[in-house]
Protein chains: 2
Amino acid sequence: MNKADLIEEVQKQLGTECSKAHAERAVNALIASIQRGLKKDKEVQIVGFGTFAVKNRKARMGRNPQTNEPIQIKASRTVGFRPGTTLKDSV
Amino acid sequence: MNKADLIEEVQKQLGTECSKAHAERAVNALIASIQRGLKKDKEVQIVGFGTFAVKNRKARMGRNPQTNEPIQIKASRTVGFRPGTTLKDSV
DNA sequence: CCTCGATCAAGTCGGCCTTGTTCATCTCGA
DNA sequence: TCGAGATGAACAAGGCCGACTTGATCGAGG
């Protein structure tokens, strides 16, 4: 399922009163808001769905799959997601 | 950041023309749509954000942290999330 | 057309995941 | 606005799953 299909689903649930353009704006706004929330509070919790959290990933040893040469992987940040109980049960 | 703050952020980005109640409906609709997309296609890709995917978790051996007793962990399903490049760079 | 993400290779170690209670926090009805 | 109900985080220890590395290529979205 891609973004276009997702927007269509959202527009259906919001009713025909809401245009697809509005649904798209809402989707983009939500995504942007989650990003801003992650940057600010490092965590965004959505009850009944799950929790997004910025995670610190330690430096470690890796390997270049092409040259088979060991390389140093620097510490980095990523975004983790832990599904909530409701979401787990629904899938 | 909780759901209420998130809704407020969304409403700001949508403009004052959109009420907070509408923003809340949009947020709920999007979440519900993602859930339905996961149940249907097992994967929801949002460009510029990341990808949600239903993952099959194999059965394995675990341990009860309280009794220190080995236990069998049954195979289960969970929802994984892989952040996209844009999201990684923003945090 | 241009950007963005998935994919593939192989090897490895970081961290996820288990149970169950306790506590903090959020949601929602009145 | 406040209380009641509900949801999730944290905590323990340890095993093994899988995310992660490069980089070119393909597909698709904007």
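The sequence lines fix the lettering, A, B, ..., with proteins before strands; numbering per chain opens at 1.
- When the side chain to side chain contact (heavy atoms under 4.5 Å, CB included) test is applied to Ala75(A), the partners found at least two apart in sequence or on another chain are Ala59(A).
- Contacts classified as ring-ring contact (aromatic ring centres under 6.0 Å, His included) and involving residues 2-29 of chain A (residues at least two apart or in different chains) are not found.
- At a threshold of 4.5 Å between non-hydrogen side-chain atoms, the residues Gln72(B) and Met61(B) count as touching.
- Comparing the local axis fitted to the first five base pairs of the helix from dC1(C)-dG30(D) to dA30(C)-dT1(D) with the one fitted to its last five gives a bend of 160°, rounded to 10°.
- Here Arg57(B) pairs with Ser76(B), Thr78(B) under the side chain to side chain contact (heavy atoms under 4.5 Å, CB included) rule; sequence neighbours left out.
- No engagement by Lys74(B) is indicated, since no non-hydrogen atom pair under 4.0 Å with the nucleic acid exists.
- Residue Glu43(A) holds its CD atom at 8.5 Å from CG of Asp41(A), rounded to the nearest 0.5 Å.
- A heavy atom closer than 4.0 Å to some atom of DNA chain C occurs in no member of residues 25-40 of chain A.
- Remark: Ala21(A) pairs with Ser19(A) by the side chain to side chain contact (heavy atoms under 4.5 Å, CB included) rule, at least two apart or across chains.
- When rounded to the nearest whole Å, the span between CG of Leu6(A) and P of dG29(D) equals 13 Å.
- Leu87(B) and Val54(A) fall within the same hydrophobic cluster, defined by Ile, Leu, Val, Met, Phe, Trp and Tyr side-chain heavy atoms under 4.5 Å apart, directly or through other members.
- DNA chain D is contacted by both Asn56(B) and Ile71(A); Asn56(B) maps to the nucleotide lying nearer its 5′ end (nearest heavy atom per residue).
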All N/O pairs under 3.5 Å across the protein-nucleotides 8-14 of chain D interface:
{"unit_1": "dG8(D)", "atom_1": "OP1", "unit_2": "Thr85(A)", "atom_2": "N", "d": "3.3"}
{"unit_1": "dG8(D)", "atom_1": "OP2", "unit_2": "Thr85(A)", "atom_2": "OG1", "d": "2.6"}
{"unit_1": "dA9(D)", "atom_1": "OP1", "unit_2": "Thr51(A)", "atom_2": "OG1", "d": "3.2"}
{"unit_1": "dA9(D)", "atom_1": "OP1", "unit_2": "Arg82(A)", "atom_2": "NH2", "d": "2.2"}
{"unit_1": "dA9(D)", "atom_1": "OP2", "unit_2": "Arg82(A)", "atom_2": "NH2", "d": "2.8"}
{"unit_1": "dA9(D)", "atom_1": "O5'", "unit_2": "Arg82(A)", "atom_2": "NH2", "d": "3.0"}

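- Residue pairs satisfying the ring-ring contact (aromatic ring centres under 6.0 Å, His included) criterion with at least one member in residues 59-91 of chain B, sequence neighbours excluded, are listed as follows: Phe52(A)-Phe81(B), Phe49(B)-Phe81(B), Phe52(B)-Phe81(B).
- Checking the phosphate oxygens (OP1, OP2) of dC20(D), a side-chain nitrogen or oxygen of Arg57(A) falls inside 4.0 Å.
- Residues Leu30(B) and Leu6(A) are in side-chain contact: their nearest non-hydrogen atoms beyond the backbone lie under 4.5 Å apart.
- Between chain B and DNA chain C, the heavy-atom contact criterion of under 4.0 Å yields a 5' to 3' nucleotide range of dG5(C) to dT27(C).
- Computed from coordinates, the Lys3(B) NZ to dT7(D) C1' distance equals 12 Å when rounded to whole Å.
- Note on Lys58(B): nothing from the nucleic acid sits closer than 4.0 angstrom, heavy atoms only.
- Sorted by first then second residue, the side chain to side chain donor-acceptor pair (under 3.5 Å) pairs that include residues 31-40 of chain A, not counting sequence neighbours, are Arg36(A)-Glu9(B).
- The stretch residues 65-89 of chain A participates, sequence neighbours left out, in no salt bridge (Lys or Arg N to Asp or Glu O under 4.0 Å) pair at all.
- The side-chain heavy atoms of Asn2(B) and Gln45(A), taken from C-beta on, include no pair separated by under 4.5 Å.
- Residues satisfying the salt bridge (charged side-chain N to carboxylate O under 4.0 Å, His left out) criterion with Arg25(A), sequence neighbours excluded, are Glu17(B).
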